[in-house]
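Have a look at the structure below, then the notes.
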Protein chains: 2
Amino acid sequence: MDPSIAQLSLDHESRIEHDDHQAIRLWLRLLTCTNLIERHLRNRLRSEFDITLPRFDLMAQLAREPQGLTMGDLSQRMMVSGGNVSGIATQLEKEGLISREPVPGNRRAFCVTLTAAGNKRFAEMATAHEGWIVDCLGELSDAEYEHMMAMLKDIKAGVSAIKD
Amino acid sequence: MDPSIAQLSLDHESRIEHDDHQAIRLWLRLLTCTNLIERHLRNRLRSEFDITLPRFDLMAQLAREPQGLTMGDLSQRMMVSGGNVSGIATQLEKEGLISREPVPGNRRAFCVTLTAAGNKRFAEMATAHEGWIVDCLGELSDAEYEHMMAMLKDIKAGVSAIKD
DNA sequence: ATGCGATATTTTAAACATAAAATGTTTCTT
DNA sequence: AAGAAACATTTTATGTTTAAAATATCGCAT
């Protein structure tokens with residue numbers, strides 16, 4: 001066999017294997033960072049506002065859409081299952097922070113909105129929440145921020161294109 | 001007031017506010033990417049190997065340390081609570097994939113290892129798992145990979161330094 | 001009109017996660 | 001040696017998450 005061919009294919013193999021390990025390492029570091037930040041946010045929401053992250057997230061979605069969202073909209077935007085939204089919404093409703101009103105023309109759907117109390121409470125929490133995130137991620141330069149956003153955008157697009 | 005001073009502080013304020021929004025956007029995108037990939041891995045592990053991600057993660061820790069790990073080691077390396085490890089280990093033991101043996105000199109601790117069946121099964125899964133991660137993250141160039149790793153390292157260090 | 005498939009939501013069962021209490025073991029101090 | 005403190009693990013209570021089943025409604029093609 002031509003030794004240059006053998007050399008080429010060997011290089012190819014080692015490059016592939018090297019890339020594999022790279023990707024694994026990147027994934028593990030990505031996961032660690034995200035989990036660290038998420039845990040931090042979760043702890044502070046609990047200790048300072050006595051609320052869980054999922055409840056806060058649901059309220060954040062509603063705060064962006066003052067006209068309200070259906071349960072299905074919430075499920076889609078929060079990227080969690082419908083049953084999950086159902087449980088979280090039940091609790092927030094019990095606390096008086098959101099309301100579920102029937103939709104005039106559609107007896108299947110509910111329109112979920114923040115109550116006045118919910119709006120007030122969310123405004124307080126959102127300010128603190130933003131600060132915590134800046135504490136975690138605010139040290140990056142503008143260039144690093146842009147680069148990171150661009151890479152994550154590509155990754156997101158690539159992963160979304162994979163069929164389960 | 002000196003107008004140049006006013007201008008400076010205004011710029012400062014607006015820069016801060018701009019950074020805030022940047023950090024939030026970056027956090028949301030980071031979270032979305034991580035969740036997408038994690039969900040993909042979870043689905044494939046379930047559909048192709050009928051195993052959950054936490055169980056796979058526990059086995060992965062053991063595969064790296066053939067001499068075995070204690071429950072406490074596992075808890076620390078997986079960054080989850082001891083009670084959680086206890087439950088996952090109970091199930092894996094029931095499936096015959098790991099074994100919990102008493103440690104000779106210490107009757108408090110257990111030495112957890114992969115069984116022969118566990119080793120064989122993990123080897124099959126690990127190959128597929130690596131491939132899935134490369135599918136998700138393998139498109140980055142070496143430079144992008146290095147840059148991303150470096151940024152995440154800084155972020156990890158910064159977040160770890162924050163006291164809860 | 002009627003019935004069938006799609007839609008919107010809730011309920012249920014199983015797995016996972018945590019914090020805190022309980023259990024048993026080891027080590028240190030006196 | 002006895003007691004206290006620290007350690008390793010499990011148990012318990014509570015809550016989150018998902019997939020799948022159940023419930024109810026809607027819209028459309030016959």
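Keep in mind it's a predicted model, so treat the numbers as computed, not measured. All chains are named by letter (A, B, ...) in the order of the sequence lines, taking the proteins before the strands, and each is independently numbered beginning at 1.
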Rounded to the Å, how far apart are [X] [atom1] and [N] [atom2]?
X: A:L45; N: D:dG15; atom1: CG; atom2: P; value: 17 Å
X: A:L92; N: D:dT16; atom1: CG; atom2: P; value: 10 Å
X: B:R39; N: D:dT18; atom1: CZ; atom2: C1'; value: 9 Å
X: B:L58; N: C:dC16; atom1: CG; atom2: C1'; value: 13 Å
X: A:N35; N: C:dC16; atom1: CG; atom2: P; value: 16 Å
X: A:M71; N: C:dT11; atom1: CE; atom2: C1'; value: 12 Å
X: B:M78; N: C:dT18; atom1: CE; atom2: P; value: 10 Å
X: B:D73; N: D:dC7; atom1: CG; atom2: P; value: 14 Å

ask   = Can you check ring pair (Phe, Tyr, Trp, His ring centres under 6.0 Å) on A:F49 and A:F56, steps first, answer last?
value = CA-CA 10 Å; A:F49 294 104; A:F56 176 81; 8.3 Å; no
Is [X] touching bases, backbone alone, or none of the nucleic acid, heavy atoms closer than 4.0 Å?
X: A:R42; result: nothing
X: B:T90; result: nothing
X: A:V80; result: sugar-phosphate
X: A:S75; result: nothing
X: A:T52; result: sugar-phosphate
X: B:G72; result: sugar-phosphate
X: A:G83; result: base

Select one nucleotide: of [options], the one nearest the side-chain heavy atoms of [X].
X: A:P54; options: D:dT16, D:dT10, C:dT9; answer: D:dT16
X: A:N106; options: D:dT17, C:dT18, D:dC26; answer: D:dC26
X: B:R108; options: D:dT18, C:dA17, C:dT25; answer: C:dT25
X: B:S86; options: C:dT9, C:dA15, D:dT11; answer: D:dT11
X: B:Q91; options: C:dC16, D:dT16, D:dA8; answer: C:dC16
X: B:F110; options: D:dT10, C:dA17, C:dT26; answer: D:dT10
X: A:R107; options: C:dT25, C:dT18, D:dC26; answer: D:dC26

ask   = Does A:R55 have a side-chain nitrogen or oxygen under 4.0 Å from the phosphate oxygens OP1 or OP2 of D:dT16?
value = yes
key: Contact under 4.0 Å: B:R100 side-chain N or O vs D:dT10 OP1/OP2   =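 It does, given that an N or O in the side chain of B:R100 lies less than 4.0 Å from OP1 or OP2 of D:dT10.
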query = Regarding B:R100 and B:T90, is there a side-chain donor-to-acceptor distance under 3.5 Å anywhere?
reply = yes
request  = Would you check if there is a donor-acceptor pair between the side chains of A:T115 and A:S99 at a distance under 3.5 Å?
outcome  =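 No, no side-chain donor-acceptor contact under 3.5 Å.
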remark   = Of B:G82 and A:N84, the one whose nearest nucleotide on DNA chain C sits closer to the 5' end is A:N84
query = Could you state the interatomic distance from CZ (A:R42) to OG (A:S47), rounded to the nearest 0.5 Å?
reply =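 It comes to 13.5 Å.
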request  = Hey, could you give me the SG/CD1 distance between B:C136 and A:I155, rounded to the nearest 0.5 Å?
outcome  = 9.0 Å
query = Counting N and O atoms only, with roles assigned by atom type, does the side chain of A:T70 sit under 3.5 Å from a partner on the main chain of A:A109, one being a donor and the other an acceptor?
reply = no
